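So the structure is just underneath, and the comments pick up after that.
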Amino acid sequence: SGPDPYRSVHERDALWPAMARLTVDQRIAVTLRFYKDFTVDEIAVRVGARPGTVKSRLHRALRDLRASLGEAESTGGAAGD
């Protein structure tokens with residue numbers, strides 16, 4: 001059998017509830033970094049924070065997303081179901 005054509009749909013469906021669990025500042029940092037491809041310095045300027053603060057937000061957000069997505073995977077559904 002070939003690759004699962006619905007895998008990306010399942011991953012996306014699990015990602016949005018996990019993103020909703022983040023703080024607003026974390027969601028902004030993740031969105032700017034991974035969806036808009038901004039650098040940490042660009043995000044810092046955009047949100048009026050120091051680069052170290054942005055790095056901390058990204059670190060915590062990714063940790064929380066991994067935990068939420070791992071939880072969703074272990075239960076067989078999207079996080080928050």
Side-chain angles (χ1 to χ4, degrees):
S1 75
D4 181 358
Y6 300 106
R7 181 177 178 168
S8 64
V9 173
H10 295 299
E11 290 171 349
R12 183 197 65 220
D13 288 348
L15 178 61
W16 295 120
M19 286 284 287
R21 293 180 180 179
L22 300 177
T23 68
V24 172
D25 289 335
Q26 289 173 331
R27 278 196 304 270
I28 291 168
V30 167
T31 300
L32 292 177
R33 179 69 188 103
F34 297 105
Y35 289 95
K36 296 295 186 177
D37 212 21
F38 284 22
T39 66
V40 168
D41 290 334
E42 290 170 330
I43 297 167
V45 169
R46 181 67 62 106
V47 300
R50 293 184 298 199
T53 301
V54 172
K55 287 179 185 180
S56 294
R57 289 175 184 169
L58 287 168
H59 175 78
R60 289 184 181 105
L62 292 175
R63 178 198 62 202
D64 293 349
L65 285 171
R66 284 185 191 105
S68 292
L69 294 173
E71 176 184 304
E73 188 175 289
S74 67
T75 62
D81 279 354

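Start at 1 with the first residue, then count along the sequence. Keep in mind that what you see is a predicted model, and the values were worked out from it rather than measured.
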Revision key, fill the gap. In this structure, CE of Met19 is separated from OH of Tyr35 (nearest 0.5 Å) by 5.5 Å
**Study point:** Gap between atom CG of Leu32 and atom CD of Glu42 - 0.5 Å precision
**Key:** 9.5 Å
Review point. Between the side chain of Arg33 and the main-chain N/O of Val40, is any donor-acceptor distance below 3.5 Å?
Key: no
Point to revise | Closest contact, heavy atoms only, Ser68 versus Ala18 | key: CB-CB, 3.6 Å
Revision key, fill the gap. To the nearest 0.5 Å, atom CZ of Phe38 lies from atom CD1 of Ile28 at 12.0 Å
Review point. Heavy-atom distance under 4.5 Å between the side chains of Val45 and Asp41, does that happen here?
Key: no
Point to revise | 4.5 Å side-chain heavy-atom contact, Thr53 and Val47 | key: no
Review point. Where the side chain of Arg57 meets the backbone of Ala29, is there a donor-acceptor pair that is under 3.5 Å apart?
Key: no
Point to revise | Whether over 12 other heavy atoms sit under 6.0 Å from Arg50 CZ | key: no
Check your understanding: With a cut-off of 6.0 Å (strictly less than), are more than 12 heavy atoms of other residues, nucleotides or ligands near CZ of Arg60?
Key -> no
Review point. Can you tell me how far NE2 of His59 sits from CD of Gln26, rounded to the nearest 0.5 angstrom?
Key: 10.5 Å
Study note, to complete from the structure: Per side chain to side chain contact (heavy atoms under 4.5 Å, CB included), Val30 is matched among Asp64, Leu58, Asp25, Ile43 by Leu58
**Study point:** side-chain contact (heavy atoms from CB on, under 4.5 Å) between Leu15 and Leu65, intermediate numbers included
**Key:** CA-CA 8 Å; Leu15 178 61; Leu65 285 171; 4.3 Å; yes
Point to revise | Results of side chain to side chain contact (heavy atoms under 4.5 Å, CB included) for Arg66 - residues two or more places apart only | key: Leu62
